[in-house]
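See structure below.
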Amino acid sequence: MNTTTTRRHRRTVSARCLAVAGALCILSWAWTVRAETPSPQATMGKKPNIIFILADDFAMNLMPSMLQSPSHGLESMLNEGTTFANYFVSNSLCCPSRSTIFTGKFPHNTGVFTNTYDPQKGEIDGGFGAFNQNDNQLHTFALALHQGGYHTAMLGKYLNGYLPWETEPYNSAQAWKQWGWDEWDVAGNGYPEFIYDLNQNGTVVHYGINPQDYLTDVVSQRVQDIIKTAQRPFFIEIATFAPHSPYRPAYRDETAYPNAAVPRTPAYDARPDATAPDWMKDVPALTQPEKDAMDDEFRLRAQSVRAIDQMIRDIRTTLHALGEDTNTYIFFSADNGYHMGDYSFLPGKMTPFDTDIQVPLVVVGPGVPTQTVHAIAQNIDLCPTFTELGGHPAPTEPDGHSLVPFLHGQTPPVWRQMALIEHHGPPDDPADPDNEQHEKTSGDAHPPDYEALRTAQYLYVEYSNDGVNVSEYAYYDITAGHDPYELTNIYPSLSPAQQAALHTTLSKNATCGESGKPTCWHTQQ
């Protein structure tokens, strides 16, 4: 893609989606790790299987609910594998994040910043449409692994704008095979978990409201069937719609966690002070009915992740019964976080704060030690990780870097020191289930365009009201004992030299990987 160095041009190119200790304190969850010596168990020369479980809108404050699940699925992964305690998404919105995961590229290189694609309205930087118009489908880990001999399967949620009945000409031509997927079990609007359509390899199947129709369970059973019958090696992605709104749990879990409520962290119900960006000052204080409603919704979210936890357990049980557990890597993560009441916001995402950009990444597999990795990782790293594990190079140079050394218990001599986060204000599309503006509620978080850097020491943000010029700056000192909840903007207190250095570093990252620019790996060190 041809690009320019201006922010607006970088965005319109889509015409062709805390320090560790502080984070653990905030989220009030922890686990016990055991020291283990890595002992690879995969057969020499045998390619491993890979399973990637991706939850939708999974905030870190849901980890306690997963760990309290009677299935102990994620708990077993935490106790046996590697946890990345500083893992961040490149964009806290579904389609941009998923596009980054597929390609290993930042939004400014995929051209996908939002969930919506409608050229007639000038909306050309989002959704399934922008992903394909920019030829991203030719540069994914799925295509690379498929070409390397893997049997590949995609289940659940793909990209916003993909609908089983309406997305032509892709369905009639079974275009997913050209994209690198052998198996295709993908829904469009599967958010309600019941009464949805699932494209099962070209046949659209309608599901109803019976217990066995619960979407998370349906894809879980389908995954187990694939594991039992697919050729080896296989790569399977299971992208659940849970716990995305409307936060629908399985019938069996409707009475779980009766006392669950939004965690009352220092950020909860916090009011913007004089240092806050202007867009936050427009958010009104939460009312008691709004707080009560969010507590009810949080309980539904906690209930809905129990089915994901059961799916993890059932998949691992099936793998063990077949003797494939010793040659299979399992990854658990999410496309973005989610805020509820933080900074007085009503439920949503898209902000640069840890509530929205930090998500879990837990891995088990052959030779993966029990450990917590504190190095900064991002969703740009998953594509090169999957392709390296599969022994097949990515189709193009990704912006991310493989996490395989960490999974082998090694510390790379050089690693990134910062995460880049990018955001475009999404169009107001009432038809988009991920639209955060459809209710026109003043308590929603509506940040303007921004680019940000998250390091172990700080969060630095540059906001742009017009998409070109920086309109506001923010800097939060998140080192221990300072501001781990990102509440006080101290940018004005920085020296001119510090301010200039931050701007220069962010500018280099925001154009990394473009034609004539340094690679993203180079700018992040």
Under the salt bridge (Lys or Arg N to Asp or Glu O under 4.0 Å) test, which residues partner Asp182, sequence neighbours left out? none
Just to verify, what does Gln224 make a side-chain hydrogen bond (donor to acceptor under 3.5 Å, both in side chains) with, not counting sequence neighbours? Ser220, Thr318
Taking only residues two or more places apart in sequence or in another chain, which ones pass ring-ring contact (aromatic ring centres under 6.0 Å, His included) with Phe298? none
I'd like to know if the side chain of Thr103 pairs up with that of Thr110 as donor and acceptor (distance under 3.5 Å, no hydrogens or angles considered). no
Salt bridge (Lys or Arg N to Asp or Glu O under 4.0 Å): which pairs involve residues 317-326, sequence neighbours left out? Arg232-Glu324
Closest heavy-atom pair and its distance - Val89, Ser97: CG1-OG, 3.9 Å
By salt bridge (Lys or Arg N to Asp or Glu O under 4.0 Å), Asp217 pairs with (sequence neighbours left out) Arg252
Can a donor-acceptor pair be found between the side chains of Gln457 and Thr479 at a distance below 3.5 Å? no
Counterpart residues, salt bridge (Lys or Arg N to Asp or Glu O under 4.0 Å), relative to Asp269 (two or more places apart): Lys291
For Phe58, all residues meeting ring-ring contact (aromatic ring centres under 6.0 Å, His included), sequence neighbours excluded: Phe332
Qualifying residues under salt bridge (Lys or Arg N to Asp or Glu O under 4.0 Å), relative to Asp295, sequence neighbours excluded: Arg264
Is there any salt bridge (Lys or Arg N to Asp or Glu O under 4.0 Å) pair reaching into residues 372-391, and which pairs are they, with sequence neighbours excluded? Asp381-Arg416
Can you name the ring-ring contact (aromatic ring centres under 6.0 Å, His included) partners of Tyr196, sequence neighbours left out? Tyr207
Could you list the residues that satisfy ring-ring contact (aromatic ring centres under 6.0 Å, His included) with Phe331, not counting sequence neighbours? Phe386
Give a yes or no on whether a salt bridge exists between Arg248 and Glu254, defined as a side-chain N under 4.0 angstrom from a carboxylate O. yes
Once salt bridge (Lys or Arg N to Asp or Glu O under 4.0 Å) is applied, what residue pairs with a partner in residues 358-378 remain, sequence neighbours excluded? none
